[in-house]
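What follows is a single structure, written as structure tokens, with notes after it.
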2 protein chains.
Amino acid sequence: MKKDRPPVERGRPRNFDRALALRRAMEVFWERGYEGTSLSDLTEAMGIERPSLYAAFGCKEALFREAVDLYNEIEGVPAQRVLETAPTARQAIETMLRDYAATYTQAGKPPGCMIVLSALLGTPQNKDVRDHLARHRRESRVALKARIAHGMVEGDVPQTADAERIGGFYATLLEGLSIQARDGASRLDLEAIIDGAMAAWEPLVACRKTLPER
Amino acid sequence: MKKDRPPVERGRPRNFDRALALRRAMEVFWERGYEGTSLSDLTEAMGIERPSLYAAFGCKEALFREAVDLYNEIEGVPAQRVLETAPTARQAIETMLRDYAATYTQAGKPPGCMIVLSALLGTPQNKDVRDHLARHRRESRVALKARIAHGMVEGDVPQTADAERIGGFYATLLEGLSIQARDGASRLDLEAIIDGAMAAWEPLVACRKTLPER
DNA sequence: AGAATTATTTACTGATTGGTATGAAAAAGG
DNA sequence: CCTTTTTCATACCAATCAGTAAATAATTCT
């Protein structure tokens with residue numbers, strides 16, 4: 001029968017919003033990278049205590065992977081989807097690049113791509129995390145090249161084009177855009193770079209694939 | 001009776017090979033990044049004990065900056081110099097890109113560019129280190145754009161070209177190459193991407209600068 | 001209502017971080 | 001030779017790292 005509970009109640013117990021907490025975690029990882037984010041950074045941003053974090057997400061690495069998945073769903077999938085919906089390979093790639101340029105420079109969110117930036121280098125013991133992101137990037141490159149190959153089947157890209165080279169080129173540029181964004185480039189800056197990259201389309205697809213010499 | 005000596009001289013002669021130790025430190029930072037490298041990693045690689053490191057280099061950040069300078073001298077300056085020596089802007093940029101492609105994939109050395117990769121994201125307290133590298137990257141971009149503008153003066157690039165856009169494009173691609181290299185791309189892979197980027201040269205320089213609408 | 005269960009918080013773990021104090025060894029100077 | 005100065009290595013520092021144990025508060029189920 002203690003009716004007089006202390007007015008200063010330190011922790012009010014309530015179920016926290018797991019999805020919201022994950023979003024907050026994503027933003028911190030996106031901003032600081034995997035190794036640059038401490039558990040204290042996470043709990044503070046997520047508004048929960050440490051044991052709640054571990055109960056809900058397992059460990060730091062598992063939380064990061066969930067955050068990456070969420071990032072991919074929110075920022076990556078929409079930009080990737082246009083690879084399927086656009087009528088030509090050229091439109092698909094240009095639209096994808098411009099979509100990414102927009103997501104890389106959203107106000108109030110960290111610049112650049114989380115999957116590109118958040119675990120590039122680090123200690124040997126976090127190699128799994130880096131490999132995980134590298135696998136994501138690899139899938140993106142494969143999808144890009146596949147879209148060009150698809151254009152060759154559909155006829156909007158010459159049969160003689162080198163899908164591997166063209167895809168590698170645009171994938172490289174796309175990943176470079178993340179660094180530009182981190183270095184302060186605005187959306188318009190990125191758009192100008194994409195203008196340049198798209199000016200390359202015609203000579204790129206016109207260039208015949210050079211057969212391996214053997 | 002104490003002899004008058006220069007005030008707290010920092011660079012006293014050491015028994016170990018300072019230049020060699022610095023090279024070793026550079027390689028570790030290059031491989032693992034600034035925050036991914038611990039003092040223990042450094043002392044082990046450098047073959048010296050911790051107090052010797054501090055006596056010779058000051059602190060971790062100062063050592064990193066010296067390592068960056070050394071990296072730039074060994075790997076960066078030679079590739080940059082061609083911007084001055086090549087007869088045309090196009091040759092300058094193509095040669096530079098291919099030189100970098102070679103340095104990014106040297107056997108026995110970490111792939112990619114230390115200045116691009118080794119401190120992109122991290123904790124707020126290391127912001128100075130990231131800014132230091134960002135300044136290096138900015139200078140590279142400026143030099144690239146200046147070389148194109150120089151070509152416009154010399155006549156090998158049309159007066160109507162947009163040096164800002166073209167330079168931004170090639171700088172972005174160059175930084176993307178570092179990530180490709182980290183993801184396992186070979187020198188030939190990078191060369192193929194550069195082939196694509198150079199195929200873009202003609203339409204790029206032919207594209208008139210779009211005046212700002214105001 | 002009261003017991004059982006679930007959440008959540010405080011406070012802690014051992015390991016590791018960047019950075020030093022201290023004392024031994026070696027060299028230099030007389 | 002002995003003393004003074006310089007260089008190195010052991011051992012330590014407080015702070016922070018990721019991860020937990022134990023205890024307390026709130027909710028659920030009778």
Side-chain angles (χ1 to χ4, degrees), chain A residues 1-21 24-25 28-29 32-67 119 121-129, chain B residues 1-18 20-21 25 28-29 32-67 119 121-129:
Chain A
M1 277 289 228
K2 45 160 167 244
K3 289 303 143 211
D4 55 338
R5 74 186 44 201
V8 169
E9 229 222 302
R10 268 180 285 155
R12 64 186 182 290
R14 60 178 167 83
N15 268 350
F16 63 88
D17 184 337
R18 190 183 191 277
L20 178 59
R24 296 272 159 77
V28 186
F29 278 132
R32 305 187 179 183
Y34 178 71
E35 292 185 9
T37 303
S38 72
L39 262 296
S40 301
D41 295 332
L42 289 167
T43 54
E44 184 183 355
M46 299 165 84
I48 63 177
E49 297 304 318
R50 205 169 289 222
S52 301
L53 188 157
Y54 277 87
F57 299 98
C59 67
K60 187 190 180 188
E61 181 172 337
L63 172 60
F64 180 72
R65 290 180 128 99
E66 278 203 60
L121 272 55
T123 73
Q125 76 212 33
N126 289 324
K127 185 173 190 311
D128 288 351
V129 172
Chain B
M1 287 323 172
K2 85 192 213 177
K3 290 202 78 151
D4 186 293
R5 98 179 53 185
V8 190
E9 46 177 1
R10 279 278 174 198
R12 280 166 288 197
R14 315 271 150 203
N15 266 359
F16 61 88
D17 185 338
R18 190 183 192 276
L20 178 59
V28 186
F29 278 133
R32 306 187 178 181
Y34 179 72
E35 292 186 8
T37 304
S38 71
L39 263 296
S40 301
D41 295 332
L42 289 167
T43 55
E44 184 183 355
M46 299 164 85
I48 63 177
E49 296 305 317
R50 205 170 289 220
S52 300
L53 188 156
Y54 277 87
F57 299 98
C59 66
K60 187 188 179 189
E61 181 172 338
L63 172 59
F64 180 72
R65 289 178 127 98
E66 279 203 61
L121 273 54
T123 73
Q125 76 213 32
N126 289 324
K127 186 174 190 311
D128 288 349
V129 173

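Naming convention: chains lettered A, B, ... in sequence-line order (proteins, then strands); numbering from 1 in each chain. The structure presented is a predicted model; accordingly, all values stated were derived computationally and were not measured. Below, each value reflects all heavy atoms present in this structure, side chains not excepted, and no hydrogens, waters or symmetry copies.
With hydrogens and angles ignored, the 3.5 Å screen pairs no side-chain donor or acceptor of A/E61 with any backbone N or O of A/V129.
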Name the pairs: protein N/O against N/O of nucleotides 9-13 of chain D, kept only if under 3.5 Å.
none

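The nearest whole Å value for the distance from the CG atom in A/L53 to the P atom in C/dT10 is 16 Å. Between the CZ atom of A/R32 and the P atom of D/dC17 there is a distance of 10 Å, rounded to whole Å. Look at CZ on A/F57: it is 18 Å from C1' on D/dT20, rounded to the nearest Å. Residue B/D41 contributes atom CG, which lies 11 Å from atom C1' of C/dT16 at whole-angstrom precision. B/L63 places its CG atom 14 Å from the C1' atom of C/dG19, with the value rounded to the nearest Å. Atom-to-atom, CD of A/E44 to P of D/dA18 comes out at 14 Å; the value is rounded to the nearest Å. Rounding to whole angstrom units, CG of residue A/N126 and P of D/dA18 are separated by 10 Å. In this structure, B/E35 places its CD atom 15 Å from P of D/dT16, rounding to the nearest Å.
B/T37 comes within 4.0 angstrom of sugar-phosphate atoms only, judged by non-hydrogen atoms across all strands, and of no base.
The distance from atom CG of B/D128 to atom OH of B/Y34, rounded to the nearest 0.5 Å, is 9.5 Å.
In this structure, A/K60 is not positioned above the aromatic face of A/F29 in the sense of NZ or CZ being under 6.0 Å from the six-membered ring centre and within 45° of the axis.
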Can you give the donor-acceptor pairs under 3.5 Å from side chains of residues 43-56 of chain A to other protein atoms, not counting sequence neighbours?
residue	atom	partner	partner atom	Å
A/T43	OG1	A/L39	O	3.2
A/T43	OG1	A/S40	O	3.1
A/R50	NH2	A/S40	OG	2.9

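The side chain of B/Y54 has C/dG18 as its nearest neighbour among C/dT17, C/dG18, D/dC17.
A/G33 and B/L121 make their closest contact through N-CD2, 3.6 Å (heavy atoms, listed as atom of the first residue, atom of the second, distance).
In A/R32, the CZ atom is crowded: over 12 heavy atoms of neighbouring residues, nucleotides or ligands sit closer than 6.0 Å.
Using a cut-off of 4.0 Å between Lys/Arg side-chain N and Asp/Glu carboxylate O, A/E66 and A/R18 are scored as salt-bridged.
Regarding contacts with the backbone of C/dT17, a side-chain N or O of B/S38 is found under 4.0 angstrom from either OP1 or OP2.
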